[in-house]
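Every chain is numbered from 1 and lettered A, B, ... according to where its sequence line falls, protein lines coming before strand lines.
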Amino acid sequence: MALVTRRALLRAAGLGALALATAGRRAWSATETSTYIFGQPSEFDTLDPHLVFDVGRVASRINLYDSLLRWEDNPPKLHPWLAERYTVSPDGRRYTFFLRKGAKFHDGSEVTAEAVRYSMERQLALGKGAASLFKPVVEPGSTRVVDRYTVEFNLREPRATFLATIDALYIVNPAVLKAHEKDGDWGSTWLSSNEAGSGSYQLEAYNPAVGFTGRRFAEHWLGWSGRHVERIEFRTIREPASRVNALLRGDIHATDGYLPADLIDKLSRSPEVKIIEQESMRIFVIMMHNQRPPLNDVHVRRAISYAFDYDSFINNIMKGRVVRNPGPIPNNMWGAPRDLQGYTYDLEKAKEELAKASVKVDRPLEISPLVGYPVTQDAAVVLQSGLRKLGIELKIKPETWPTLVGKARQQETTPDLWVLWVSTYYADPANWINEMYDSANWGAWKASSWYKNPQVDALLREALRITDQAQRQKLYEKAARLIVEEAASLWIYNTKWYGPFRTNVQGVRFCPIGNGREARWIYLT
Amino acid sequence: MSSAPPVLEVRDLCLRFHTDQGTVEALDGVNLRVLPGEILGLVGESGCGKTATARAILGVVPAPPGEITGGRILFGGEDLLRLPERELARRIRGRAITLIPQDTLGALNPVFPLRTQLLDVLRWHPPEGDGGLWGLLRRYGRRWRRQALAQILALLRQVQLPDPEGALAKYPHEFSGGQRQRLLIAMALLPNPVLVIADEPTTALDVTIQAQILRLLRRLVKERGTSVLFITHDLGVVARLCDRVTVMYAGQEVETAPTAALFTRPAHPYTQQLLASLPDHRKEELEGIPGVVPSLIDPPRGCRFHTRCSQARPECALTRPPERLLAPGHTVRCHLY
Amino acid sequence: MAEALLRLHDVKKYFPLRRGWLRRPGWLRAVDGVSFEVQTGEIFGLVGESGCGKTTLGKTILGLYRPTAGAITFKGRPIHALPPAQARALRREIQYVYQDPGASLDPWWTVGRSLHEPLVVHTRLSRRERQARVEEMIHAVGLESAHLRRYPHEFSGGQQRRLGLARVLVLNPSLVIFDEPTSGLDVSVQATILKLFKELRARFRLTYVFISHDLSVIRLMCQRVAVMYLGVVVELGSTAAIFDTPRHPYTRALLAAIPRPVVAPEGDEGPLLEGEPPSAQQLPGGCRFRLRCPLARQDPCARLEPPLAEVAPGHWVACHFADTVPSAAS
Amino acid sequence: MRRLLYTAKRLALMVPTLFGLVVLVFVISRVIPADPVALLAGERATPQQIEALRHRYGLDRPLPVQLLAYLRQLARGDLGTSLYSGRPITTDLFGRFPATLELTLAAMAITVLLGVPLGVLAALYRNSWFDHLLRAVTVSGLAIASFWLAIMLQLLFSMELRLLPLGGRIGVPPPRALTGLFVLDALLTGNGAALRSALQHLCLPAFTLAFPALATVVRFTRAGVLDVLHSDFILYERAMGLPRPLIVGKYLLRNAMAATLTQIGLLFGVLLAGAVVVETVFDWPGIGLYAVNAIVLSDYNAILGFTLWSGFLYVLVNLLTDLGLMLLDPREATR
Amino acid sequence: MSAFLKQLYADRLAFAGLLIVLALGLSALLAPALAPYPEDVYDIHPAQRLQPPSRQHPFGTNHMGADLLSRVLFGARITVVIATVAVGSALLVGVPIGLVAGFYPGWASELLMRLADVFLSLPQAVLAIAIAQTLGPSIPNVILALSITYWPWFARVVFAEVRSLKNEVFVEATQALGVSPWRTLLLHVLPNVATPIIVRSSIGMGYTILTAAMLGFLGLGAQPPTPEWGREIAEARQYLPEAWWYATFPGLAIFVTVMGFNLLGDGLRDVLDPRLRRGRP
């Protein structure tokens, strides 16, 4: 009775809405070619490039700011950017960058070595975002301005990954920031809603709830080919389904490439949308607490690794849109052993391993998926189902990302297991294997498996000290095998990037670091 | 006794209420006449149909559950029961016939100041020939309002309401019960009606206030020559106020007489026993009426009093006694006569 | 003369006034110095218009209100400041019949259970003994045992009065206070109820305090009467004295205002009071009746509150002009 | 004068309630099991650094001292800083409040403009088929989970029929900000495209939000009108020959509205709470969505700020309701 | 009792409400027997994910390939437990507070009611969100949050009823008879406020179920694999519009259940009102 009523009511309301909708169809379609609109999955809480260092909100950094070097394309290649060239001292501790002349900030002033020095000091002082990359090697105050266009970084020790990470240091305009500085905050209150960069686009409007728009910076040092857009808009649309619908209807031109598989399927059926498929470097991992019983027993960890139904997860739930990644380094990154088999779903072997274990699994284990990321939860449920068949109870206790990051800092508070992606912050195996399994990194969330193996430690540290890639590759492959052998974590898949774009979007250059958010190459037809 | 035609004549009025428990025969052939300029008392105990009669005359019996099943209500030669609702509201209610209600606080709208309520009564009951839309619009004008307020104030002074100017802006709850009753009298007299129906207007008041109000009401209506149908259960009030009395019992009228005659020579056994029930220190023992008022869902046939009547005869249970004239103006319905 | 059953001495009951949110201090002087005695076996009438404090006084005697000042003695024992438990125990002897006894019965309880309750609380009778007592009483008030299984709303107004009476009489009290026991009743029912009251008093040797605004009922029922006006007794005396030779102008006006079922010649209604009584929250100084009094003068009425003085044996009046008032009423 | 006094009294009564609210929120905030400071400190902070921060924010002091400090901070209009964006919570809330306000007002408008007439009609035609139909609708209105209704509406109107946008607040560049309410701004600036888009985006969320409230208003209006309909003064007004439209439209409605108005005040709380889920489903960038974001990010300061702000609004609206009631019914002021 | 049922039966909607509530109780109790695939609460079959309603799966399957009907049935358990415990504990706290505060005016009572007012000065759902969020997502915490936010409603209702009951003549009359206050409170006052308490409880069950579902929807409630209805809907969102059944059926379950409690509450209000109550002959 009530249902019929409601349906009738809906139909009536629908007729009313029809009148509204047909009248305004064109109004919300982005048909003009001068503005590029991107559907952004998460909000830009802050625009300060030194506060945030995540993949989701890279767009404000990469489009409004420049760095010394920039990763482009896939596989990623490091291109000169604000710096024309650089030199490394023989001991591998001094990096000198030579800036191109004439690069301008948006206020018209020139980008100088002082700006680079200021940016590094600011990044270190704020202690957030990319600071974790530089803190271990760059002492505050150690950066030197050689001349107006030359700056040198003096590292504490040789670091093979320093170059790979230097694109994470975004150069800000010191003059502007000093003008807005309050109580020694390095201007961060002001910069959270404003911009002081030299990037390809300059900020036009910003509302944390809605997103931001940028206008093309005509005087950008790289110049413009003529194939570009005048305005860019990154509009926050949190729900994946909403983004997909907006894209299908043409409200937006593009959205993120890590959509749930079902939605990618749906998009791929539309003639108005093209999907650009790229190998990415974003591995999906279930961390295990290697120091806490019963997980400190390698047999228990192996049993758990055998209890996850990888194929079912990848083929059914992920619809085959990801690839199995059996080890700690993305398959498509050098350093990943080509022939590594890894673990398979095999309950018999799992039971055997359990039998070999010296400790009994006598308590329910806890796993924490990430709130707001359904795939992590799905993985937890799949593991839960497998472990249940071994007689192990797995409790699911979702936590938010910040909470987990906080908890993963200490052994006592780190959950038994937790689910996450490790993305490409810089294109080097160290981004994964070093940060995750070198016990020197204990205390950072990436290292929250609390894995410790002196042999692995030695291999990984050696790999950081030397710069020869072939040599490093061998060290990494060896370390990777050891880590997999000891089942330090569950490595499940490496993401593929399925960038959905309206068919009139051209010039997309995907790079795992920028995730296709860099707008400067894009134009509309 | 005037021989002029009655202002209001109710003939054989029958009224039912349909309830969950059954059909209540609230009125079963009620007759009464109000003569020009007189105050007719309608007296009876609770549930005897006094108020239902008043509502039927005003045409405000809630229907459903109420249903008027027979009779006529003649007013100025017209049968009010046959008038359409619109006509009733326009010409009769609040114009030719007005009401003084019992519950003074409940009857006044609590959220409007007095002025609004008084003005609306006047505004919607203009003198004949000014009923069109233009007339109505004019009556929302300032000039009409000034005149109307003057008229209202004059009347408020007549009912001796203290501070009449200030009273206009006040709300009902800001007056005492006695003051509200004065107000309601003023409101009832405002359209200069032919007939005022007063439904137990002094029941809730203290005796000293009641005496004031009764005296005021009698003076005002006598000055204006307005007829009054005064409903009460208090025989003392009847004696003080009314010219004639009609006594009702269980939905029927049983006796009508000039007031003095009723108290000195009550004819109907019910009237007699009612008078005997009045507390009187000179009598050693009080006489109540034995038994209880019959249920009106399935009322006794014939004379409805016969179940409690000490002088009942067999025919009393069969037919309702016809009206008999005992003396000029004194009629009774009883088989004894 | 024996010791009075109940004695009130200068009893006052004030209620604090909360006016506005600032709680300006102020008192509603509901009962403002009342003294009288009630003899064993008599019916004592308390008469006055609404707001004169008669109900408050009744509840103060019962102990539901604690008097602000003054003393109440019952059977020679002061009862105005008893601790709660003792005050409750005293209610076995003093009972109160509410104006609307139907409302004084718990709607969820059968009448029988309600009638049992006083016995459960005050006695250690067995269930069977209680039942016998309750049945005796229900018959005494003219109802039947079958009625005990019904609920209060199933009774008519007159029957509810009888139930109320039965409920207070099961305890066999010595003093019963009636609060407007017949208001709202039709005269024919009122007559039978009043008759019942008289019968029961004789049968159970009760003393009544009869609170009413209805002078004719008071005159019929009571031996002695106190007339109250705005919290004080203005006249006190035998029924005959009050009704035949009223001394206080208020009593006279009250008597004149009663509508009597006698047709009087036009205009002969006697003196009517003008105006309305002032609010008990803002009493005038001096005599509190003076604003409506036909006899009032500036001096002494506005200056002095007249004391209750004996003008004839057993006849007390509180008026400066008690002597000058013509002693014969209509 | 009496009205003024009444207003003052109501305002004075607000103070202890607000104080209690602050204490309540404070208590909730101090039983947090997780450690907000650890979040604030960043990823590689040492225990010493965390301790220093704890000291800096006064979190190592006794609770009463902290409460005092919190009160002082609130007195300055400072709700604290978002642990995530680093901006003052007040800035964040004020930036998003217009969106919520617009949504709430639209829902309230639908509720009142539709609910009151429907309630009056249902009462006047009691027990008719219309009344029964309306009863069915209102009963379901109170039983439906608003997030589910929202999803079902999206499913029908946005995904299947493709008539209305799935979410968001506007599909074109927003109109120049004058009031922050897009519909109003678009009207004021004569921006037709923005107006159309804003209205289209407003349709579903406003209706979703309004639906349960609508049910309440219809029920209470109906009950109120029925109550008044049987009152003595309506009978008296009829007996005094006032025309029915005047009685219904003027005398009856004003009385019946008292009950409805009280409900409308209470409903505001329902709408505010409803906004949390409705904004989530429809991606409406208001304070509700902000709160949900804050939940996802464990941004305690933001959640508490939102809670406090909601409580404040709610108390304020109830105050306004009471004042409205006083204007509507003069007896209120003397109570 | 039979008279009571008869009256309830006469009010067809209320009776429908009673039937729904009984059905809910039954399915909660008998979920393991009724559900076609009771194992699917834990088990997953990714190969059969998101299948539309069919004979094998009348409600279809979810994104893990579990039978939705089974999960909805088991969800009734969670719902019944959450609502019963939350309303029950709110009742245990709120009713005594309201009773005592209403019957014994004084500063302590005033303080208690002021405290209730403070709780009521926040929209209940907002407060529940704040509490559930600070406590962390789990069913006990949801119950706690709901109880903390719901007791003031009982206290308020009971307080107001007791206040007006105190002015009823029959309560004063028991005092006049010399009945002790505690006896009056328990034997006379409490039964007379039973009706509003029962009605409040029934409607409160519906309301609590809605709020609990909302918390679940926001991810503040039960955790997987618990088949809680609100969370199911949240999970289902990303599979719309294709897997329409996934969001539809848990929502319908909420709708029907809450409707049942509301109808029952409405009906009880009429049936239990002592003024309308007909005594037995």
Side-chain angles (χ1 to χ4, degrees), chain D residues 13-14 16-21 23-25 28-34 135-136 139-140 142-149 151-152 154-156 158-160 212 268-274 276-277 280-281 288 291-292 294-296 298 300 303-304 306-308 310-315 318, chain E residues 13 17 114-137 145 148 203 206-207 209-220 229-230 233-234 236-237 240-242 244 247-248 250-263 266:
Chain D
L13 276 177
M14 241 178 97
T17 310
L18 282 179
F19 177 75
L21 187 69
V23 174
L24 179 68
V25 168
I28 293 175
S29 74
R30 299 302 134 124
V31 297
I32 297 173
R135 180 175 175 199
V139 168
S140 40
L142 291 174
I144 211 160
S146 56
F147 56 88
W148 185 64
L149 176 65
I151 291 172
M152 290 294 123
Q154 281 182 331
L155 188 59
L156 181 64
S158 308
M159 299 182 184
E160 289 300 327
F268 187 79
V270 175
L271 291 187
L272 211 58
V276 175
V277 282
T280 310
V281 178
V292 173
I295 290 173
V296 172
S298 291
Y300 296 102
I303 294 169
L304 293 175
F306 164 76
T307 308
L308 211 55
S310 311
F312 173 72
L313 280 179
Y314 191 40
V315 171
N318 277 324
Chain E
L13 282 178
R114 282 269 152 233
L115 184 66
D117 279 349
V118 167
F119 276 86
L120 294 178
S121 70
L122 261 176
Q124 198 208 347
V126 170
L127 187 59
I129 288 174
I131 294 176
Q133 159 66 15
T134 44
L135 293 177
I148 291 177
I203 291 179
Y207 189 79
I209 290 170
L210 274 185
T211 314
M214 185 198 76
L215 292 177
F217 179 77
L218 294 177
L220 294 172
W229 294 339
I233 295 174
R237 279 188 71 196
L240 288 177
E242 285 72 23
W244 56 268
T248 304
L252 273 179
I254 297 174
F255 175 64
V256 171
T257 306
V258 176
M259 185 96 133
F261 279 109
N262 285 357
L263 290 176
D266 269 8

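Of the two parts of D:Phe19, neither the backbone nor the side chain holds a non-hydrogen atom closer than 4.5 Å to a non-hydrogen atom of chain E. Within the 4.5 angstrom heavy-atom criterion, no atom of D:Val23 approaches chain E. Neither the backbone nor the side chain of E:Ile203 comes within contact range of chain D, judged by heavy atoms closer than 4.5 Å. For a residue to count as touching a neighbouring chain, one of its non-hydrogen atoms must lie under 4.5 Å from one of that chain's; by this rule E:Ile209 does not touch chain D. Contact of D:Leu142 with chain E is made through backbone and side chain together, with heavy-atom distances under 4.5 Å. At a 4.5 Å heavy-atom cutoff, the contact between D:Val139 and chain E is made by backbone and side-chain atoms alike. Interface remark: E:Thr248 contributes backbone and side-chain atoms alike to the contact with chain D (heavy atom separation under 4.5 Å). Proximity to chain D (any heavy atom under 4.5 Å) is restricted, for E:Ile129, to the side chain, taken from C-beta onward. Contact of D:Leu24 with chain E is made through the side chain alone, with heavy-atom distances under 4.5 Å.
No other option in D:Thr17, D:Val315, D:Ile151, D:Ile303 has as many heavy-atom pairs under 4.5 Å with chain E as D:Ile151. Among E:Pro250, E:Gly251, E:Ala125, the residue with the largest count of heavy-atom pairs under 4.5 Å with chain D is E:Gly251. Interface remark: of the candidates D:Phe312, D:Phe147, D:Phe306, D:Tyr314, D:Phe147 forms the most heavy-atom pairs closer than 4.5 Å to chain E. Interface check for chain D: of the options E:Ala132, E:Ala128, E:Gly206, E:Ala213, the most heavy-atom pairs under 4.5 Å are formed by E:Ala213.
Atom OG of D:Ser310 is separated from atom CG of E:Leu127 by 10.5 Å, given to the nearest 0.5 angstrom. To the nearest 0.5 angstrom, E:Trp244 atom CH2 is 9.5 Å from D:Met152 atom CE. Rounded to the nearest 0.5 Å, atoms CZ (E:Arg237) and CG (D:Leu155) are 11.5 Å apart.
For E:Phe217 against D:Val281, the heavy-atom pair with the smallest separation is CZ-CG2, 3.7 Å. Contact between E:Met259 and D:Ala143 at its shortest, heavy atoms only, is N-CB, 3.5 Å.
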